[in-house]
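A short write-up of the structure that comes next.
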2 protein chains.
Amino acid sequence: MTASALDILAQHNLRKTAVRAQVLDIFLDSREALSHNDIEAHFNQVDRITLYRTLKTFEEKGVIHKAIDGGEKLKYALCSGHCSEHAHEDHHAHFHCDQCGKTVCIESMHIPAVQAPAGYQLSGAYLVLKGTCATCT
Amino acid sequence: MTASALDILAQHNLRKTAVRAQVLDIFLDSREALSHNDIEAHFNQVDRITLYRTLKTFEEKGVIHKAIDGGEKLKYALCSGHCSEHAHEDHHAHFHCDQCGKTVCIESMHIPAVQAPAGYQLSGAYLVLKGTCATCT
DNA sequence: TGTTTAATGCAACGTTGTTTCATTTGGCAA
DNA sequence: TTGCCAAATGAAACAACGTTGCATTAAACA
Ligand SMILES: [Mn+2]
Ligand SMILES: [Mn+2]
Ligand SMILES: [Zn+2]
Ligand SMILES: [Zn+2]
């Protein structure tokens with residue numbers, strides 16, 4: 001059972017608008033994390049300010065999460081399942097291909113538990129794998 | 001024995017210029033990773049384009065490394081010891097404070113060895129710890 | 001000291017992201 | 001179904017960040 005764009009909007013109490021539905025469709029069609037620019041390129045025509053706000057809202061509401069990859073531009077990916085405004089649970093690694101620049105979620109790899117240095121209080125961690133993806137090998 | 005700015009430039013076969021020496025002094029005086037803006041703020045007057053080029057050169061030559069922290073702006077930190085143009089060895093974690101935004105190298109924490117997902121070829125990894133630093137606790 | 005080559009300073013330009021405000025539209029209740 | 005209200009959108013203006021090309025200056029070395 002795959003959730004549709006409208007399902008996702010309903011689940012997060014977000015108004016159903018054309019831009020939002022189309023952005024979600026783009027994420028649903030993609031297996032890689034997407035930057036603002038990637039998404040803009042999928043539209044015939046879209047206001048980029050609206051797109052910034054859409055992504056910000058989605059991120060705040062737990063629809064998408066930032067895919068940290070050490071690259072120059074910020075990318076987002078769909079949250080898998082049960083994230084909400086108050087509980088983002090994205091404890092998985094991301095892989096960034098040095099060749100093609102694509103970034104993917106590695107849902108199966110959880111962030112290993114690490115010990116905080118003395119005096120520091122940990123709230124989370126990012127793990128980014130770099131290398132060559134299956135397509136670029 | 002602490003290397004001076006001029007020592008570092010000599011070690012990497014870089015010309016000794018005022019801007020470069022001063023940028024290195026700023027890094028040597030700082031225990032945290034610095035963004036372009038942080039560095040610019042330490043100068044009375046500096047051309048920001050020169051600063052961009054200085055940081056780029058330092059990064060390429062193994063003088064500084066990018067401190068990935070998941071934050072909005074790129075930061076750099078001095079490489080410890082034996083990095084060169086052809087061998088950047090920065091296999092340590094970084095800590096990013098959610099409160100003050102400061103990022104520090106955790107030299108003592110090496111990146112754990114992880115298994116590459118099927119079809120992927122690993123060349124490295126980043127580990128970023130988030131939380132509250134000793135000062136902000 | 002003079003020559004060569006790299007570094008700098010400056011201008012111009014492009015990209016990215018934010019803020020403000022008027023207009024449009026989705027959700028909801030009468 | 002209609003109309004109202006709050007939220008989303010579109011447009012303009014602006015700020016921050018970053019790059020490129022070119023003329024000038026300065027470091028290195030003979
Ligand atoms: Mn992810
Ligand atoms: Mn570091
Ligand atoms: Zn690839
Ligand atoms: Zn702090």
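As the structure is a computational prediction, the values presented were derived from the model and not from experiment. Residue numbers begin at 1 in each chain, while the letters A, B, ... track the order of the sequences.
- In this structure, the separation between NZ on B:Lys16 and CD1 on B:Ile8 is 12.0 Å, given to the nearest 0.5 Å.
- Bracketed by its first and final contacts, the part of DNA chain C lying under 4.0 Å from non-hydrogen atoms of chain B reaches from C:dT5 to C:dA11 in 5' to 3' order.
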Check: residues 115-131 of chain B side-chain donor-acceptor pairs under 3.5 Å, at least two apart:
| from | atom 1 | to | atom 2 | distance (Å) |
| --- | --- | --- | --- | --- |
| B:Ser123 | OG | A:Asp98 | OD2 | 3.3 |

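- Listed by chain and number, the residues in a side chain to side chain donor-acceptor pair (under 3.5 Å) with B:Ser4 are B:Asp7 (sequence neighbours excluded).
- Across every non-hydrogen atom of B:Thr137 and B:Thr132, the tightest pair is N-CG2, 3.7 Å.
- When each of B:Asn37 and A:Arg20 is assigned the nucleotide of DNA chain D bearing its nearest heavy atom, the one mapping closer to the 5' terminus is A:Arg20.
- Taking atom CD of residue A:Glu40 and atom C1' of nucleotide D:dG10, one finds them 14 Å apart after rounding to whole Å.
- Interatomic distance, B:Leu55 CG to B:Thr50 OG1, rounded to the nearest 0.5 Å: 11.0 Å.
- Under the 4.5 Å side-chain contact rule for hydrophobic residues, A:Leu78 and A:Leu51 share a cluster.
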Nucleotides 27-30 of chain D: which of its N/O atoms have a protein N/O under 3.5 Å away?
| from | atom 1 | to | atom 2 | distance (Å) |
| --- | --- | --- | --- | --- |
| D:dA27 | N3 | B:Arg15 | NH1 | 3.3 |
| D:dA28 | OP1 | B:Lys16 | N | 2.9 |

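- Sorted by residue number, the members of residues 47-54 of chain A with any non-hydrogen atom under 4.0 Å from DNA chain C read A:Arg48, A:Ile49, A:Tyr52, A:Arg53.
- Distance check, rounded to the nearest 0.5 Å: SG of A:Cys83 to NE2 of A:His12 gives 7.0 Å.
- Where the helix from C:dT1-D:dA30 to C:dA30-D:dT1 starts and where it ends, the local axes point in directions that differ by 30°; five pairs per end, rounded to 10°.
- Within the structure, every pair that satisfies the salt bridge (charged side-chain N to carboxylate O under 4.0 Å, His left out) test and touches residues 100-123 of chain B, not counting sequence neighbours, is listed here: B:Glu32-B:Lys102.
- Taking hydrophobic clusters as Ile, Leu, Val, Met, Phe, Trp and Tyr residues chained together by side-chain heavy-atom distances below 4.5 Å, B:Leu9 shares a cluster with B:Leu28.
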Please table the atom pairs, donor to acceptor, closer than 3.5 Å between any side-chain atom in residues 17-25 of chain A and protein atoms at least two apart or in another chain.
| from | atom 1 | to | atom 2 | distance (Å) |
| --- | --- | --- | --- | --- |
| A:Thr17 | OG1 | A:Arg20 | N | 3.3 |
| A:Arg20 | NH1 | A:Arg15 | O | 3.3 |

Ignoring hydrogens and angles, write down the donor-acceptor pairs under 3.5 Å from the side chains of residues 60-77 of chain A, residues two or more places apart or on other chains.
| from | atom 1 | to | atom 2 | distance (Å) |
| --- | --- | --- | --- | --- |
| A:Lys61 | NZ | A:Glu85 | OE1 | 3.4 |
| A:His65 | ND1 | A:Ala77 | O | 3.2 |
| A:His65 | ND1 | A:Asp90 | OD1 | 3.4 |
| A:His65 | NE2 | A:His92 | NE2 | 3.4 |
| A:His65 | NE2 | A:His94 | NE2 | 3.4 |
| A:Asp69 | OD1 | A:Gly71 | N | 2.8 |
| A:Asp69 | OD2 | A:His96 | ND1 | 3.1 |
| A:Asp69 | OD2 | A:Thr103 | OG1 | 2.6 |
| A:Lys75 | NZ | A:Gly101 | O | 2.6 |
| A:Lys75 | NZ | A:Thr103 | OG1 | 3.4 |

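- By the salt bridge (charged side-chain N to carboxylate O under 4.0 Å, His left out) test, B:Glu40 pairs with no residue at all, sequence neighbours left out.
- Sorted by first then second residue, the ring pair (Phe, Tyr, Trp, His ring centres under 6.0 Å) pairs that include residues 22-45 of chain B, not counting sequence neighbours, are B:His36-B:Tyr52.
- Residues of residues 69-76 of chain A having a heavy atom closer than 4.0 Å to DNA chain D: none are found.
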